[in-house]
Amino acid sequence: MKNKLYFDIILREKSRMAFEATQKEQESVGYYSLPEQDVSSILEYCRNISSDVEDIAVIGIGGSSLGAKAIYEFLKPVENLSRTLHFFESTDPINIKNILDSINVDKTHFLVISKSGTTVETFSIYKYILSKHDKSDSYTFITDPGSDLEKYAKHINASVLHLPKHVGGRFSVLSVVGLVPLALCGVDIKALLQGADNIKASYFKNGYLQEILLKKSLFYAKNHAKYHINCLFAYSESLKYFCEWYVQLWGESLGKKQRHSAFNVGLTPIGLIGPKDQHSFLQLIMEGTRDKSVTFIKIDDFQEDLCIIPDITLPHLESLDTLNNLPFSTLINMQCDSVIEALKEENIPLDSITLPKMDAENIGSLIYYYELLTSLVGQLIDVNTYDQPGVEAAKIILKKKLAL
Ligand code: PA5
């Protein structure tokens with residue numbers, strides 16, 4: 001992974017302290033150690049799921065679904081995955097019906113994922129699906145040890161897998177929460193973790209990413225009042241759900257009351273997909289209020305050399321002949337580079353990340369890069385990155401309304 005920084009910034013004492021804080025957090029925050037976990041029990045578990053199962057369906061929301069969806073949707077177009085993965089994450093009745101209509105429930109294994117084990121969306125959908133299909137061996141439950149969900153699963157003699165200790169929902173994609181659904185579809189989860197481990201090693205063992213992540217997080221923290229909107233502009237349709245995952249990670253982790261003051265702070269994440277959003281949101285970045293920074297994500301090798309603009313001349317449109325014989329993969333990256341150049345002219349703060357190719361290792365790297373960056377920014381803007389009192393408040397009100 002290459003990361004070019006164009007921000008004008010200097011390393012400070014503050015970032016040294018933030019680095020030390022992340023080093024210390026490794027003792028108490030569980031996601032840091034996920035890259036080196038032993039996945040043999042996960043793979044063994046997946047091997048025991050019947051080969052008659054054709055589809056896997058996650059019933060979960062937020063941190064319990066977004067990460068697996070980001071990785072699955074990134075890999076699906078380029079890898080020959082063995083099963084299709086579906087996500088029941090919305091109480092939208094049409095969405096529930098559409099997904100149910102698209103699967104054969106008798107050949108589907110359902111993963112009910114909830115760290116807390118009580119989330120309204122997850123259990124309303126689970127009850128509905130259970131009413132259509134009540135074989136307990138078609139369900140696996142993933143939750144925290146000791147939760148009411150675990151007790152329920154044991155009661156019906158269904159399988160339960162546990163989240164590792166101290167891993168928060170939105171940081172859980174590289175745990176059983178993401179690895180089980182992905183492994184069941186044939187994703188190489190060892191490669192995924194290898195990608196994450198490479199980033200971890202580079203950051204903690206003084207590799208090139210340490211300075212990059214420290215500089216970048218310091219920029220966000222120093223300028224969080226001015227450039228409080230952070231756009232992730234990904235030049236690949238396959239990164240659409242990665243952008244959704246980023247929005248949750250960034251928004252839910254960094255939008256908080258500061259720990260040592262009465263101020264509310266936050267950085268607003270926006271996910272954009274190029275070139276489509278060049279023809280909409282880009283205007284706002286170029287000429288709107290100067291409150292945005294942009295990170296571009298490019299794919300170096302789309303592994304799709306056959307998709308080339310054909311050598312065709314269109315009458316009256318001969319000026320477009322220069323496009324002829326150009327691979328789309330070259331075109332899309334030229335488009336990204338052109339936007340970078342235009343924004344640099346306007347002094348809009350930006351950086352770019354290039355993934356060498358679309359595979360499990362690279363998406364694992366990108367996930368871990370963003371997790372580390374979030375932890376660093378959280379330290380620097382003085383928030384508790386790992387709680388979500390704002391989300392909890394709405395959950396409590398809904399439960400009161402439902403008299404739960
Ligand atoms: O990151 C978080 O903690 C949240 O987004 C949760 O993942 C989300 O609210 C779902 O919670 P649970 O997994 O407990 O059902």
Side-chain angles (χ1 to χ4, degrees), residues 25 28-32 34 57-72 87-92 96 110-130 139-153 158 160-182 241-256 266-269 271 367-368 370-375 377-378 383-399 402 404:
E25 270 186 3
S28 56
V29 177
Y31 91 83
Y32 285 104
L34 295 176
V58 168
I59 308 173
I61 193 165
S64 291
S65 68
L66 287 170
K69 193 171 184 180
I71 294 171
Y72 175 74
F87 293 88
F88 287 96
E89 30 175 16
S90 171
T91 45
D92 171 347
I96 296 171
F110 295 91
L111 301 169
V112 183
I113 309 181
S114 175
K115 178 177 165 65
S116 62
T118 54
T119 300
V120 166
E121 291 88 342
T122 306
F123 291 98
S124 52
I125 299 168
Y126 168 63
K127 283 184 184 205
Y128 185 70
I129 294 174
L130 187 67
Y139 295 89
T140 296
F141 296 86
I142 300 181
T143 187
D144 263 351
S147 74
D148 288 346
L149 176 56
E150 174 173 41
K151 290 174 197 147
Y152 163 75
V160 190
L161 301 173
H162 291 142
L163 270 90
K165 274 191 192 154
H166 312 304
V167 175
R170 58 191 170 277
F171 286 88
S172 67
V173 52
L174 299 177
S175 75
V176 281
V177 169
L179 298 184
V180 170
L182 292 165
Y241 293 98
F242 177 80
C243 287
E244 280 194 12
W245 173 83
Y246 152 76
V247 166
Q248 188 216 14
L249 183 74
W250 206 244
E252 213 173 44
S253 302
L254 302 177
K256 304 274 164 73
L267 290 160
T268 304
I367 292 266
Y368 205 76
Y370 265 95
E371 290 180 339
L372 284 177
L373 184 64
T374 305
S375 294
V377 177
V383 295
N384 180 347
T385 309
Y386 309 104
D387 68 0
Q388 54 284 325
V391 174
E392 299 305 332
K395 282 189 185 178
I396 292 165
I397 294 171
L398 177 65
K399 283 187 177 168
L402 291 166
L404 288 174

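Read the numbers this way: they start at 1 and go in the same order the structure lists the ligands and their atoms.
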Donor-acceptor pairs under 3.5 angstrom involving side-chain atoms of residues 167-180: please list them, not counting sequence neighbours.
unit_1 : atom_1 : unit_2 : atom_2 : d
Arg170 : NE     : Ser253 : OG     : 2.8
Arg170 : NH1    : Glu252 : OE1    : 3.0
Arg170 : NH1    : Gln388 : OE1    : 2.7
Arg170 : NH2    : Thr385 : O      : 2.8
Arg170 : NH2    : Asp387 : O      : 2.8
Arg170 : NH2    : Gln388 : OE1    : 3.4
Ser172 : OG     : Gly63  : O      : 3.4
Ser172 : OG     : Gly169 : O      : 2.6
Ser175 : OG     : Ser172 : O      : 2.6
Ser175 : OG     : Val177 : N      : 3.2

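- In this structure, Tyr72 has no ring-ring contact (aromatic ring centres under 6.0 Å, His included) partners at least two apart in sequence or on a different chain.
- Contact residues of ligand 1 (protein heavy atom closer than 4.0 angstrom to a ligand atom; sorted by chain and number): Ile61, Gly62, Gly63, Ser64, Ser114, Lys115, Ser116, Thr119, Gly169, Arg170, Gln248, Glu252, Gln388, Lys395.
- Trp245 is linked by a ring-ring contact (aromatic ring centres under 6.0 Å, His included) to Phe242, counting only residues two or more places apart in sequence or in another chain.
- Ring centroids of Tyr126 and Phe110 are separated by 6.0 Å or more, keeping the two rings apart.
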* Does the side-chain hydrogen bond (donor to acceptor under 3.5 Å, both in side chains) test come out yes or no for Ser65 and Glu89, once each step is laid out? -> CA-CA 7 Å; Ser65 68; Glu89 30 175 16; 2.7 Å; yes

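- In this structure the side chain of Ile113 never reaches within 4.5 angstrom of the side chain of Phe141, judged on heavy atoms.
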